[in-house]
Protein chains: 2
Amino acid sequence: MKNDDRTTPASPVTARNEGRRPLTLRDVSEASGVSEMTVSRVLRNRGDVSAATRERVLETAKRLGYVPNKIAGALASSRVNLVAVIIPSLSNMVFPEVINGISHVLEDTELQPVLGVTHYQPELEEKVLYEMLSWRPSGVIIAGLERSEASRAMLLNAGIPVVEIMDVDGDAVDSVVGISHWRAGREMAQAIVDGGYRRIGFLGTKMPRDHRARKRFEGFTETLSKAGLEVEDQEYYEGHSGFAKGREMTARMLERSPDLDFLYFSNDLIGAGGLLYCLEKGIDIPDRLGLAGFNAVELLDGLPRKLATMDSCRRQIGEAAAKVIAEHAGGNGGGASAGAERIVLTPKLTYGDTLRRG
Amino acid sequence: MKNDDRTTPASPVTARNEGRRPLTLRDVSEASGVSEMTVSRVLRNRGDVSAATRERVLETAKRLGYVPNKIAGALASSRVNLVAVIIPSLSNMVFPEVINGISHVLEDTELQPVLGVTHYQPELEEKVLYEMLSWRPSGVIIAGLERSEASRAMLLNAGIPVVEIMDVDGDAVDSVVGISHWRAGREMAQAIVDGGYRRIGFLGTKMPRDHRARKRFEGFTETLSKAGLEVEDQEYYEGHSGFAKGREMTARMLERSPDLDFLYFSNDLIGAGGLLYCLEKGIDIPDRLGLAGFNAVELLDGLPRKLATMDSCRRQIGEAAAKVIAEHAGGNGGGASAGAERIVLTPKLTYGDTLRRG
DNA sequence: TTGAAAGCGCTAACAC
DNA sequence: GTGTTAGCGCTTTCAA
């Protein structure tokens with residue numbers, strides 16, 4: 001981290017600040033007998049200031065408990081070290097990890113992530129984006145490639161680096177970092193076919209909103225159909241993922257279509273629920289029935305059997321996206337991106353104990 | 001949501017904004033032939049503006065793709081509708097739910113949450129807090145009651161409502177919303193004792209940093225000792241929680257102390273790992289061995305047996321905290337809190353299938 | 001190495 | 001209902 005000798009106040013005042021006016025540079029200036037400008041320089045480590053003055057200013061600022069007003073600073077310098085991070089949800093395991101990746105990289109930077117959540121609603125995305133852009137951030141990291149025309153226009157016009165993450169199947173506004181969900185679906189289908197499975201069911205979210213799940217499904221069916229197969233049964237759910245959901249769906253599907261020999265789940269959580277259900281029912285896995293999920297959620301390591309899955313490279317995506325922003329935002333405020341980047345990561349297939357190898 | 005007819009640009013410009021100067025109020029003013037002030041009024045829905053002017057301004061702003069500069073607005077009005085939300089981690093299941101609660105309540109408000117993550121490091125908390133306060137937010141929601149003197153001083157001096165969340169066992173800077181972890185520990189201990197268990201093991205995080213886990217443990221041992229019992233064995237871990245961790249720890253502990261008849265886990269995730277391990281080993285649960293966790297993580301519903309646990313009221317805490325902020329920040333910028341609130345929620349014990357009733 | 005002046009883009013307060 | 005003026009608290013720029 002740069003700028004480490006910021007003035008974090010020691011323990012100056014003990015009484016509660018009852019609506020007192022916040023301290024300004026001027027207060028520090030007067031208390032230390034140095035011009036505002038010099039105080040400003042000390043606090044930002046800019047320009048040459050004599051060691052003595054420096055000491056005095058730092059001491060005063062700390063004693064008073066001065067906290068700079070970034071609003072004024074940002075307005076004056078038209079430099080805002082904020083990165084807007086816009087994601088659909090915090091509830092599933094995937095985005096928190098992306099955020100961790102982003103934070104991790106930005107920690108070595110002056111940039112700070114600011115989070116917005118859209119709940120998979122394009123209108124809300126539009127609102128959140130507008131709100132965040134009105135703070136003139138140094139960059140935007142935003143999930144997905146599908147969005148309203150208005151949102152796209154805002155991104156295009158923002159004049160700051162934009163990284164669309166998670167998905168690379170489509171047209172990006174600027175840079176993009178992610179995996180091909182379409183390909184992930186294809187590869188899983190191929191592995192399933194190679195494993196000798198023939199009667200396949202799909203269990204997932206209602207997809208109109210979750211484009212990445214949809215693309216995986218499309219890739220999946222496409223590869224199946226090349227092998228002369230098709231998805232024989234499907235089951236969808238709404239609401240939060242969880243084991244219980246996976247169980248119920250699996251139960252319903254196997255009751256309806258007892259002859260299926262493979263279940264492809266749109267995420268590991270419901271997949272794990274399905275797995276637990278099948279184990280309880282004494283179903284022979286992976287021979288009588290194979291199972292696979294998606295995401296490679298780490299917390300699930302330790303299930304009775306390891307669920308076949310595919311890594312969604314969440315943390316790496318976050319890291320790579322943050323790097324792109326850090327590099328492109330290097331310029332001053334207002335500058336546009338140097339050049340759009342396209343970073344495609346390759347998810348790794350894990351066979352685990354629920355997918356027979358071909 | 002208020003202020004719904006903001007000017008989200010339609011799809012005005014199609015070319016990428018290559019470092020063009022962002023539009024200002026003045027641009028809209030000139031393009032619409034109305035004073036800046038009137039444009040400002042229209043865009044904020046303040047004061048009386050004739051329907052005709054209003055229309056014209058709105059249309060122009062939209063056509064141009066104008067996005068207001070909140071930095072300037074905030075500086076001029078000393079009103080920032082941001083709420084700093086500072087939490088230790090996103091990786092476990094608990095804080096995302098708190099955040100959802102906060103967002104949900106703030107959605108009906110002009111306030112917007114801004115997230116900071118501290119990774120359970122007091123120094124980082126200090127830094128994040130300083131950083132956020134320098135944006136002069138309307139309020140702060142911050143996890144825990146234990147923090148550095150400097151952080152406490154900053155909160156005290158900020159002159160804005162502060163809500164410390166999750167925990168109520170200790171001294172709050174201002175308002176506080178949470179549960180008593182100490183009491184949660186006591187209650188679980190009591191239930192265990194009442195269930196007839198006598199030889200108890202504890203499995204949890206290394207606690208120097210996780211004060212809430214520590215308080216639960218303290219309450220736990222205290223109640224045990226009143227019953228003439230003590231924790232017979234302990235096992236600690238670092239890093240992310242997950243089933244695998246729970247399994248390993250459980251295996252180690254049962255090998256070392258095969259006579260234990262109850263295992264108390266500091267969270268549901270490792271508890272679930274332990275449960276899976278025990279089931280595999282054919283251990284009779286809950287009679288030969290009882291198990292309990294903490295948090296009431298919803299996604300785990302659907303395990304082969306329902307783990308005994310205690311609700312940490314995460315979402316409610318988020319909601320209540322946001323309400324406190326929304327009410328207290330009602331005043332203008334700079335005003336201090338109306339009066340500190342103290343909201344103590346009561347976690348509910350779930351016996352599930354792993355804790356025998358007394 | 002330090003200081004003085006100007007102004008970032010907006011809004012409060014007051015005039016008209 | 002609309003416009004004008006004067007800042008908000010900083011940083012940029014230039015002068016000393």
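Chain identifiers are assigned alphabetically (A, B, ...) following the order of the sequence lines, protein sequences preceding nucleic acid strands; residue numbering begins at 1 within each chain.
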### Task
Decide yes or no on side chain to side chain contact (heavy atoms under 4.5 Å, CB included) for A/V140 and A/M132, but give the supporting numbers first.
CA-CA 9 Å; A/V140 177; A/M132 307 214 93; over 6 Å; no
Starting at atom [atom1] of [X], determine the distance to atom [atom2] of [N], rounded to an integer number of angstrom.
X     : N      : atom1 : atom2 : answer
B/L23 : C/dC8  : CG    : C1'   : 16 Å
B/M37 : C/dT11 : CE    : P     : 7 Å
B/E30 : D/dG3  : CD    : C1'   : 15 Å
A/R26 : C/dG3  : CZ    : P     : 14 Å
A/L25 : C/dG3  : CG    : P     : 12 Å
A/N69 : D/dC8  : CG    : C1'   : 9 Å
A/R54 : C/dT2  : CZ    : P     : 12 Å
B/L75 : D/dT11 : CG    : C1'   : 12 Å

Does [X] have a side-chain nitrogen or oxygen under 4.0 Å from the phosphate oxygens OP1 or OP2 of [N]?
X     : N      : answer
A/R79 : D/dT12 : yes
B/S40 : C/dT11 : yes
A/S35 : C/dA4  : no
B/S77 : D/dC8  : no
B/R44 : C/dA12 : yes
A/T38 : C/dG3  : yes

### Query
Looking across every strand, which nucleic acid part, if any, lies under 4.0 Å from A/D48 by heavy atom: base, sugar-phosphate, or nothing?
base
### Query
With a 4.0 Å cut-off on heavy atoms, is A/R41 in touch with a base, just the backbone sugar-phosphate, or nothing at all?
base
### Task
Side chain of B/Y66 only, please: which of D/dT12, C/dC10, D/dT2 is the nearest?
C/dC10
### Message
Counting only side-chain heavy atoms from C-beta out, which of C/dC8, C/dT2, C/dG3 sits nearest to A/T53?
### Response
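So the side chain of A/T53 is nearest to C/dT2.
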### Query
Any side-chain heavy atom of B/V80 sitting closer than 4.5 Å to one from A/W135?
yes
### Message
Closer than 4.0 angstrom, basic N to acidic O: yes or no for A/D171 and A/R152?
### Response
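Salt bridge flag = no for A/R152 with A/D171.
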### Query
Any salt bridge between A/E126 and A/R147, counting N to O under 4.0 Å?
no
### Message
Both B/A72 and B/E36 contact DNA chain D. Taking the nearest nucleotide for each, which residue is further toward the 5' end?
### Response
B/E36
### Message
Can you give me the closest heavy-atom contact between A/S29 and A/V39, atom names plus distance?
### Response
CA-CG2, 3.8 Å
